[in-house]
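Atoms within each ligand, like the ligands themselves, are counted from 1 in listed order. The analysis underlying the following values was restricted to heavy atoms, covering all of them including side chains, and did not include hydrogens, waters or symmetry mates.
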Amino acid sequence: MSKVKIVVAGPRGNMGKEAVKMVTNTEEFTLIAAVDSKHDGLKLSELDGFHGIDVPIYTDMQQCFEENEIDVLIDLTAPAFGKKHMQIAFENGVRPVVGTTGFTEEDITELRTTAEDKGIGAIIAPNFAIGAILMMKFSQMAAKYLPDVEIIERHHDRKLDAPSGTAVKTAQLISEAREQKAQGHPDETEELAGARGADFEGMRIHSVRLPGLVAHQEVIFGGVGQTLTIRHDSIDRASFMPGVKLAVDAVLQIDTLVYGLEHIIE
Ligand SMILES: NC(=O)C1=CN([C@@H]2O[C@H](COP(=O)(O)OP(=O)(O)OC[C@H]3O[C@@H](n4cnc5c(N)ncnc54)[C@H](O)[C@@H]3O)[C@@H](O)[C@H]2O)C=CC1
Ligand SMILES: O=C(O)C1=N[C@H](C(=O)O)C[C@H](O)C1
């Protein structure tokens, strides 16, 4: 069987480095090229940390797809670029597996329409860690019985988007099981703007950014005389890679856009 031909966008980033390692260590995958914000024309092997990985770097994704035969794009870049990169992939018949966050519901609807029109599989997964998927699923189960819920996500202070993609996805999954309700005291006021966090259908989301953190989330439910806390911690970015691998395998089998790894892991 021929190997899956892959491009990684964002190879020098926290996640991109792990993805390059995962692709090059996976027998059935082959890394063809990388798309980076700089270093056009160099080989990845010329950069620190990529010894022996002799693939070209492009700053122009379109050119990368024109000059190479590619099956799958793994995009781990920045919220401002994820949507554009997916559109370029679709135009070139390349299947995107996207961990980059910052997509709106409208973006996802639009991209799904394009994927289906072109019959090209695509996966956007705000979190590739299996434990995080379970945290979201357990939270959805709990919300049916305990509809008062607040989400606290904690990340490293280099993160660009808030709230995290995982927190938004968690709130979306919870809202499928929970009657919409405003939480807290009806007359509560914020003495400092933002004190009660972001409001998603009455659920509150709080974003913590500190050096030393990787990616963590607590979903706290409150009921009469009790609380339930569901917590997940990624303490190493290797935690995301089995999910990225699973998504690459799955994206070859579908002809629509799937948003969330929970639809792949049944
Ligand atoms: N789905 C998941 O499981 C996870 C998703 N993420 C998301 O992945 C994204 C990347 O996260 P990190 O690796 O921590 O960020 P990072 O800042 O460490 O790395 C991003 C890399 O992308 C490159 N880049 C930026 N714009 C680019 C462009 N237009 N073309 C090519 N390369 C470009 C940057 O030079 C940088 O090397 C973020 O959106 C983050 O939220 C992060 C961790 C897990
Ligand atoms: O930027 C990160 O680091 C992470 N981003 C994703 C998100 O926004 O949810 C996934 C994980 O939380 C790490």
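- Heavy-atom minimum distance, Q226 versus L146: NE2-CD2, 4.5 Å.
- Looking at heavy atoms from C-beta onward, M203 lies in side-chain contact with S175 at the 4.5 angstrom threshold.
- Looking at V8, T77, T101, it is T77 that brings a heavy atom closest to atom 9 (C) of ligand 1.
- Against a heavy-atom cut-off of under 4.0 Å, R12 is close to the following atoms of ligand 1: 35 (O), 37 (O).
- Protein heavy atom in closest approach to atom 2 (C) of ligand 1: P126 O, 3.4 Å.
- Considering every non-hydrogen atom in both L160 and P79, the closest pair reads CD1-CD, 4.0 Å.
- Taking all atoms of both residues into account, the shortest heavy-atom contact from A247 to I123 is O-CD1, 3.4 Å.
- For atom 14 (O) of ligand 1, the closest non-hydrogen atom on the protein side is N14 ND2, 3.1 Å.
- Between F200 and I151 there is no side-chain heavy-atom pair separated by less than 4.5 Å.
- Looking at R178, its side chain does come within 3.5 Å of a backbone N or O of P147 through a donor-acceptor pair.
- Heavy-atom proximity to T100, at under 4.0 Å, picks out these atoms of ligand 1: 8 (O), 39 (O).
- Under the 4.0 angstrom criterion for non-hydrogen atoms, G165 is not in contact with ligand 1.
- The distance from atom CG of D161 to atom OG of S207, rounded to the nearest 0.5 Å, is 9.0 Å.
- The distance from ligand 1 to the heavy atoms of K159 drops below 4.0 Å at these ligand atoms: 41 (O).
- In the model, T166 has no side-chain atom that pairs as donor or acceptor with a side-chain atom of E153 under 3.5 Å.
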Item to check | M86 and T114: CA distance, side-chain angles, deciding distance, side-chain contact (heavy atoms from CB on, under 4.5 Å) verdict | outcome: CA-CA 10 Å; M86 288 188 76; T114 310; over 6 Å; no
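- The shortest N/O to N/O separation between F128 and ligand 1 falls below 3.5 Å.
- Counting the atoms of ligand 1 from 1 in the order shown, those under 4.0 Å from a heavy atom of M15 are 4 (C), 13 (O), 42 (C), 43 (C), 44 (C).
- Interface of D36 with ligand 1, defined as ligand atoms under 4.0 Å from a residue heavy atom, comprises 31 (C), 32 (N), 35 (O).
- Distances from atom 24 (N) of ligand 1 to the heavy atoms of A129, S37, A9 put S37 nearest.
- A salt bridge links K245 to E28: one of the charged nitrogens lies within less than 4.0 Å of a carboxylate oxygen.
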Next on the checklist: Assess the residue pair V8 and L44 against the criterion (side-chain contact (heavy atoms from CB on, under 4.5 Å)); give the C-alpha distance rounded to whole Å, side-chain angles, the decisive distance to 0.1 Å, and a yes or no.
Outcome noted: CA-CA 11 Å; V8 172; L44 211 47; over 6 Å; no
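- Within the 4.0 Å cut-off (strictly below), no protein heavy atom is located near atom 17 (O) of ligand 1.
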Using a cut-off of under 3.5 Å, which N/O atoms of ligand 2 pair up with protein N/O atoms, and what distance separates each pair?
| from | atom 1 | to | atom 2 | distance (Å) |
| --- | --- | --- | --- | --- |
| ligand 2 | 1 (O) | K159 | NZ | 2.9 |
| ligand 2 | 3 (O) | H156 | NE2 | 2.8 |
| ligand 2 | 5 (N) | K159 | NZ | 3.1 |
| ligand 2 | 8 (O) | K159 | NZ | 2.7 |
| ligand 2 | 8 (O) | G165 | N | 2.8 |
| ligand 2 | 9 (O) | G165 | N | 3.3 |
| ligand 2 | 9 (O) | T166 | N | 2.8 |
| ligand 2 | 9 (O) | T166 | OG1 | 2.4 |
| ligand 2 | 12 (O) | H155 | NE2 | 2.6 |

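- When heavy-atom distances to ligand 1 are checked against a 4.0 Å cut-off, H85 comes that close only through its side chain, counted from C-beta outward.
- For the pair K84 and ligand 1, no heavy-atom separation below 4.0 Å is found.
- Any N or O atom pair closer than 3.5 Å counts here, and A78 shares no such pair with ligand 1.
- A salt bridge does not link R196 to E191: none of the charged nitrogens lies less than 4.0 Å from a carboxylate oxygen.
- Distance from atom 23 (C) of ligand 1 to its nearest protein heavy atom, with residue and atom name: G10 CA, 3.9 Å.
- Contact between G82 and D75 at its shortest, heavy atoms only, is CA-OD2, 4.1 Å.
- Using a 4.0 Å cut-off between heavy atoms, S164 makes no contact with ligand 1 at all.
- With ligand atoms numbered from 1 in the order given, ligand 1 contributes 31 (C), 32 (N) to contacts under 4.0 Å with heavy atoms of V35.
- Distances between N or O atoms of G99 and those of ligand 1 include at least one value under 3.5 Å.
- Ligand 1 lies less than 4.0 angstrom from a heavy atom belonging to A125.
- Heavy-atom proximity to G13, at under 4.0 Å, picks out these atoms of ligand 1: 13 (O), 16 (P), 18 (O), 19 (O), 21 (C), 37 (O).
- Donor-acceptor pairing under 3.5 Å is recorded for the side chains of D107 and T104.
- Here R154 does not pair with D233 in a salt bridge; the nearest charged N to carboxylate O distance is not below 4.0 Å.
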Contacts table for residues 251-262: side-chain donor-acceptor under 3.5 angstrom, sequence neighbours left out:
| from | atom 1 | to | atom 2 | distance (Å) |
| --- | --- | --- | --- | --- |
| T256 | OG1 | E116 | OE2 | 2.5 |
| Y259 | OH | Q172 | OE1 | 2.8 |
| E262 | OE2 | K169 | NZ | 2.8 |

